[in-house]
Chemist: 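Dumping the structure here so I can ask a few things about it.
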Amino acid sequence: MKMMKYLLKNGTVISGTERKKADILIQDEKIAEVGENLKAEDARVLDVTGKLLFPGFIDGHTHFDLEVAGTVTADDFETGTKAAILGGTTMVIDYASQDKGGHTLGEGLEKWHKKADGKCSCDYSFHMSIVEWNEKTEEEIQDMIRQGITSFKLYMTYPAMMVDDKDMYKILKKLEECGCFAGVHCENAGVIDALIDQAKKEGRTGPENHPLVRPDTLEAEAVHRLLVIAREAGAAVMVVHLTNRKAYEEILRARAQGQTVYAETCPQYLLLEDSVYSKPDFGGAVYVCAPPIRKKEDQDCLWEALGKGEIQTVATDQCSFTLEQKALGKDDFTKIPGGLPGVQTRGTLLYTYGVRAGKITEEQMCRLLSENAAKLYGVYPRKGALLPGSDADIVVFDPEKESVISAKTHAYNTDNNPFEGFALHGGIDKVFLRGNLAVEDGELKKDKLGIYISRGKKQL
Ligand code: DUC
Ligand code: ZN
């Protein structure tokens with residue numbers, strides 16, 4: 001079917017390095033031209049005066065349709081990617097996983113394709129979580145690369161997923177040899193288990209104990225250990241969902257020694273404080289995620305790091321549950337399924353509390369939400385850029401639109417939102433997905449247009 005041609009007139013085009021007034025001509029799935037005074041008689045002209053035009057946001061960390069603690073996330077690829085595109089995210093990279101017990105990466109990938117295919121309203125790809133390392137897994141890395149998977153995930157916590165230091169070293173080394181890298185969940189599993197045992201012995205069962213058994217020091221220790229192992233392996237590595245100053249300082253220390261270390265953080269670590277875990281009536285359960293939400297001084301540190309360009313991406317770790325699901329841990333906080341929704345409001349929160357607050361610039365926002373992820377995950381400049389030839393994934397952002405986040409109006413399949421009541425100053429006006437006007441006036445006009453994106457090697 002012939003696609004509509006669009007001409008976006010008089011917008012402000014944002015890249016990672018500049019903002020400029022320009023028109024954008026969209027033809028088929030691609031950006032055909034970017035420049036002043038563009039004309040195209042057969043195009044639908046949209047006046048975007050006063051609007052910011054960002055490359056479609058990329059969320060490099062989501063968990064849709066994932067089994068956690070005996071239940072499955074409330075949002076699957078269908079509802080999750082609808083929420084994503086309504087928030088300006090035109091591509092998600094979800095975590096596929098190998099299963100423990102002699103299973104292959106290939107099986108894991110197939111399982112995730114089945115979960116996602118035909119259901120997505122934004123484009124998608126997968127990272128592959130490696131939970132078991134043997135000769136077969138090692139051989140499969142090249143298969144993964146051939147199938148467009150160039151980034152991997154390793155866990156230093158969670159018994160069903162974690163790898164030990166020996167395998168960590170071997171995996172990081174192999175990935176580096178192949179031009180790939182891993183994002184690593186850094187928390188010290190053993191000491192966390194000991195602190196949980198202690199809490200249980202003392203009869204402490206509520207969600208306020210969650211941050212106490214997963215302190216910042218145990219994240220920092222794992223980051224330190226990871227970076228020592230990565231140094232020995234000569235491998236670049238990424239720390240995902242970085243939450244606190246002590247862990248951040250470990251990254252700076254390793255970088256000062258010449259290591260390549262990428263870092264990701266998430267809005268919940270930038271905007272929420274650990275007092276949320278003490279909300280009455282089991283209210284703290286909504287915020288249970290790992291690593292936990294930290295203190296104000298950690299937020300300040302993360303914002304400062306974003307401003308200095310020391311953190312490369314802001315993703316979400318989207319992993320949503322209903323209150324009923326959270327109540328699985330009513331009598332035992334360790335049974336509360338961990339995770340929060342976030343994929344819909346990453347851009348608007350970062351604009352409101354980052355750009356408007358003077359903590360980051362619009363160009364930095366572009367890098368943090370789109371350009372850096374595109375480069376790291378091997379899809380630049382097809383994604384992450386508004387250049388001739390790029391996919392026409394475009395967020396038309398209204399800097400003056402105001403709203404308030406609420407579970408009553410959000411698109412997630414959940415009845416809770418950790419950012420409930422947060423005022424937004426800046427909102428999504430329109431979203432194009434590969435040349436299709438998918439979101440207009442806050443509504444999804446075209447759904448399930450998302451396709452699997454095969455990725456290349458990193459360029460950052
Ligand atoms: N942390 C969570 O809270 N949920 C999903 C995975 C993770 O790392
Ligand atoms: Zn995660």
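Ligands are counted one by one from 1 in listed order, and the atoms in each one are counted from 1 as well. Only heavy atoms go into these numbers, but all of them, side chains included; no hydrogens, no water, no symmetry mates.
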Chemist: Kindly assign one of parallel, tilted or perpendicular to the pair His63 and His61, based on the angle between their ring planes and the thresholds 30° and 60°.
Modeler: perpendicular
Chemist: Would you call the rings of Phe181 and Tyr377 parallel, tilted or perpendicular, where under 30° means parallel and over 60° means perpendicular?
Modeler: parallel
Chemist: Between Gly384 and Pro55, which heavy-atom pair has the shortest distance, and what is it?
Modeler: C-CB, 3.6 Å
Chemist: What residues come within 4.0 Å of ligand 1, counting heavy atoms only?
Modeler: His63, Tyr158, His185, His241, Cys289, Ala290, Asp317, Cys319, Gly338, Gly339
Chemist: Quick test of your reading of the model: are Asp123 and Lys383 salt-bridged, counting only N-O distances below 4.0 Å?
Modeler: yes
Chemist: So, for His113 and Phe126, is the gap between ring centers shorter than 6.0 Å?
Modeler: yes
Chemist: If you define the side chain from C-beta out and look only at heavy atoms, does anything of Ser125 sit under 4.5 Å from Tyr452?
Modeler: yes
Chemist: Any chance the rings of Phe152 and His127 have centres within less than 6.0 Å?
Modeler: no
Chemist: Atom CD of Glu107 and atom CG of Leu105: how far apart are they, to the nearest 0.5 Å?
Modeler: 9.5 Å
Chemist: So do the side chains of Leu242 and Tyr248 get within less than 4.5 Å of each other, counting heavy atoms only?
Modeler: yes
Chemist: List nothing but the number: protein N/O/S atoms under 2.8 Å from the Zn ion (ligand 2).
Modeler: 3
